[in-house]
Amino acid sequence: MPTRLMDRQEVFRLVEQEMAQLVEVLPQERYELVHLPGALRIGLRELDRQARERLDIARPVIVYCADELCDLSPRAAARLEQLGFRQVYDYVPGKADWLAAGLPREGELASIPLSGDVADRDVPVCTVDQSIDEALARLDETGRRVCVVTDAEQVVIGLLRHEDAAALTGGVVDDVLQPGPTTVRADQPLVPLLERMARSGTAAVPVTDPEGHLLGLLEREDIERVVARREAVAG
């Protein structure tokens, strides 16, 4: 049975110390946009024909797809074992986890900043039962305008804006939070995201992993600065 890998550091170790081979099983166009360094692309339907030609059966193989909700990598890992590969690993969190950590990448989008690269990972965090006065003091202390409301596991619950907190003191965060904010993944390109935020009037959006855990906060002003810098350099 293939070994499930949940820790990207173990992926590093296997690649660096045991010369593991990385295989992405997503469609070709998604692989070409961005993939893990050195990864080959072999689709699920192509494994039978290409696996033994392109992979060393004596070395470990790590397969991955988009994230832990994607079933392509566990299916590919199972088939590789049936084809005679004895050291097969399924990197369960997949490409989303890798990109969320801001790790090196290859592909057409490799040099283009993504949401996870620009997100403020030091954003203030508060909980629903925290007093508004305490949350407001934290915002004033850090000079921020938005606090991300999470549960004990850092899953995003809502947003608390400074102006809302200042308008109602004496209660708790749950009284004034904006519930269910739109979130984006770390591998979201910035330009189309900026366009959507501008159309909807969204000032800030949390960046989350596939399980809804907070990775950081993207403010539209920060995206505008990054995009403008890149356009100036390109022009």
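Values below: all heavy atoms of this structure, side chains included; hydrogens, waters and symmetry mates excluded.
- Shown here are the side chain to side chain donor-acceptor pair (under 3.5 Å) partners of Gln130, two or more places apart in sequence or in another chain: Glu134.
- Think of Leu139 as one node in a network of Ile, Leu, Val, Met, Phe, Trp and Tyr side chains linked at under 4.5 Å; it has no links at all.
- Residues Phe12 and Leu5 share a hydrophobic cluster, clusters being chains of Ile/Leu/Val/Met/Phe/Trp/Tyr side chains in contact below 4.5 Å.
- Hydrophobic cluster membership for Leu69: none, as no Ile, Leu, Val, Met, Phe, Trp or Tyr side chain comes under 4.5 Å of it.
- With sequence neighbours left out, Tyr31 forms a ring-ring contact (aromatic ring centres under 6.0 Å, His included) with His35.
- Listed here is the closest heavy atom pair of Arg185 and Thr208: CD-O, 3.7 Å.
- Taking CG of Leu190 as the reference point, atom CZ of Arg220 lies at 14.0 Å (rounded to 0.5 Å).
- Taking both residues in full, the closest heavy atoms of Pro113 and Val118 are given as CB-CG2, 4.1 Å, listed atom of the first, atom of the second, then distance.
- Glu224 CD to Met197 CE: the interatomic distance, rounded to the nearest 0.5 Å, is 8.5 Å.
- No more than 12 heavy-atom neighbours from other residues, nucleotides or ligands sit within 6.0 angstrom of CZ on Arg4.
- Taken together through direct or relayed side-chain contacts under 4.5 Å among Ile, Leu, Val, Met, Phe, Trp and Tyr, Leu114 and Val184 form parts of separate hydrophobic clusters.
- Here the shortest heavy-atom pairing between Ala119 and Val207 reads CB-CG2, 3.8 Å.
- For the side chain to side chain contact (heavy atoms under 4.5 Å, CB included) test, residues two or more places apart in sequence or in another chain that qualify with Pro60 are Glu18, Ala20, Gln87, Tyr89.
- Taking CG of Leu99 as the start and CG of Asp67 as the end, the distance is 11.0 Å to the nearest 0.5 Å.
- The minimum heavy-atom distance linking Pro206 with Leu159 is given by the pair CG-CD2, 3.9 Å.
- In terms of modelled atom types and a separation under 3.5 Å, the side chain of Arg79 and the main chain of Asp48 share no donor-acceptor contact.
- Judged by distance alone, with hydrogens and angles left aside, the side-chain atoms of Trp98 form no donor-acceptor pair with the main-chain N or O of Pro93 at under 3.5 Å.
- Applying the side chain to side chain donor-acceptor pair (under 3.5 Å) test to Arg105 and every residue at least two apart in sequence or in another chain returns Asp117.
- Residue Glu24 forms a side chain to side chain donor-acceptor pair (under 3.5 Å) with just one option from Arg41, Arg30, Lys95, and that option is Lys95.
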For a quick test of your reading: what N or O donor-acceptor pairs under 3.5 Å do the side chains of residues 209-219 make, sequence neighbours left out?
{"from": "Asp209", "atom 1": "OD1", "to": "Glu211", "atom 2": "N", "distance (Å)": "2.8"}
{"from": "Asp209", "atom 1": "OD1", "to": "Gly212", "atom 2": "N", "distance (Å)": "3.0"}
{"from": "Asp209", "atom 1": "OD1", "to": "His213", "atom 2": "N", "distance (Å)": "2.9"}
{"from": "Asp209", "atom 1": "OD1", "to": "His213", "atom 2": "ND1", "distance (Å)": "3.4"}
{"from": "Asp209", "atom 1": "OD2", "to": "His213", "atom 2": "ND1", "distance (Å)": "3.1"}

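- Residue Gln21 is tested with Leu14, Val63, Asp56, Ile62 for a side-chain contact (heavy atoms from CB on, under 4.5 Å); the sole match is Asp56.
- The environment of CD in Glu153 is sparse: at most 12 heavy-atom neighbours from other residues, nucleotides or ligands sit within 6.0 Å.
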Could you go step by step and tell me if Asp120 and Arg144 meet the side-chain contact (heavy atoms from CB on, under 4.5 Å) rule?
-> CA-CA 11 Å; Asp120 178 4; Arg144 309 295 178 86; 2.5 Å; yes
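- Clustering of Ile, Leu, Val, Met, Phe, Trp and Tyr by side-chain heavy atoms under 4.5 Å joins Met19 with none of the others.
- The number of heavy-atom neighbours closer than 6.0 Å to CG of Asp122, taken from other residues, nucleotides and ligands shown, is 12 or below.
- Between Ala166 and Leu136, the shortest heavy-atom distance links the atoms CA-CD2, 4.0 Å.
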Check against side-chain contact (heavy atoms from CB on, under 4.5 Å), Leu83 and Arg52 | CA-CA 8 Å; Leu83 292 172; Arg52 288 197 180 95; 4.2 Å; yes
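- Residues forming a side chain to side chain donor-acceptor pair (under 3.5 Å) with Glu32 (at least two apart in sequence, or on another chain): Gln28.
- Checked for salt-bridge contact, Arg13 and Glu10 meet the test: a charged N lies under 4.0 Å from a carboxylate O.
- Under the 3.5 Å distance criterion, with hydrogens and angles disregarded, no donor-acceptor pair is assigned to the side chains of Ser131 and Asp133.
- Here the straight-line distance linking atom CZ of Arg86 with atom CD1 of Ile57 works out to 7.5 Å at 0.5 Å rounding.
- By the side chain to side chain contact (heavy atoms under 4.5 Å, CB included) test, Glu81 pairs with Pro2, Val88, sequence neighbours left out.
- In the hydrophobic clustering of ILVMFWY residues, with side-chain heavy atoms under 4.5 Å counting as a link, Leu40 and Val15 come out apart.
- Taking Asp97 as the reference, Arg8, Tyr91 meet the side chain to side chain donor-acceptor pair (under 3.5 Å) condition, with sequence neighbours excluded.
- Here Leu168 is tied into one hydrophobic group with Val128, Ile132, Val149, Ile157, Leu160, Val173, Val176, Leu177, each link being a pair of ILVMFWY side chains closer than 4.5 Å.
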Could you check Tyr64 against Val11 for side-chain contact (heavy atoms from CB on, under 4.5 Å), going step by step and ending with a plain yes or no?
-> CA-CA 11 Å; Tyr64 70 90; Val11 176; over 6 Å; no
Audit row: Leu55, Ile42, side-chain contact (heavy atoms from CB on, under 4.5 Å) steps and yes/no | CA-CA 10 Å; Leu55 299 172; Ile42 306 178; 4.2 Å; yes
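- Hydrophobic clustering (side-chain heavy atoms under 4.5 Å, transitive across Ile, Leu, Val, Met, Phe, Trp, Tyr) keeps Val148 apart from Val205.
- Contact between Ile112 and Arg230 at its shortest, heavy atoms only, is CG1-NH2, 4.1 Å.
- Both Leu72 and Leu47 sit in one connected hydrophobic cluster of ILVMFWY residues. Membership requires side-chain heavy atoms under 4.5 Å apart, directly or through other members.
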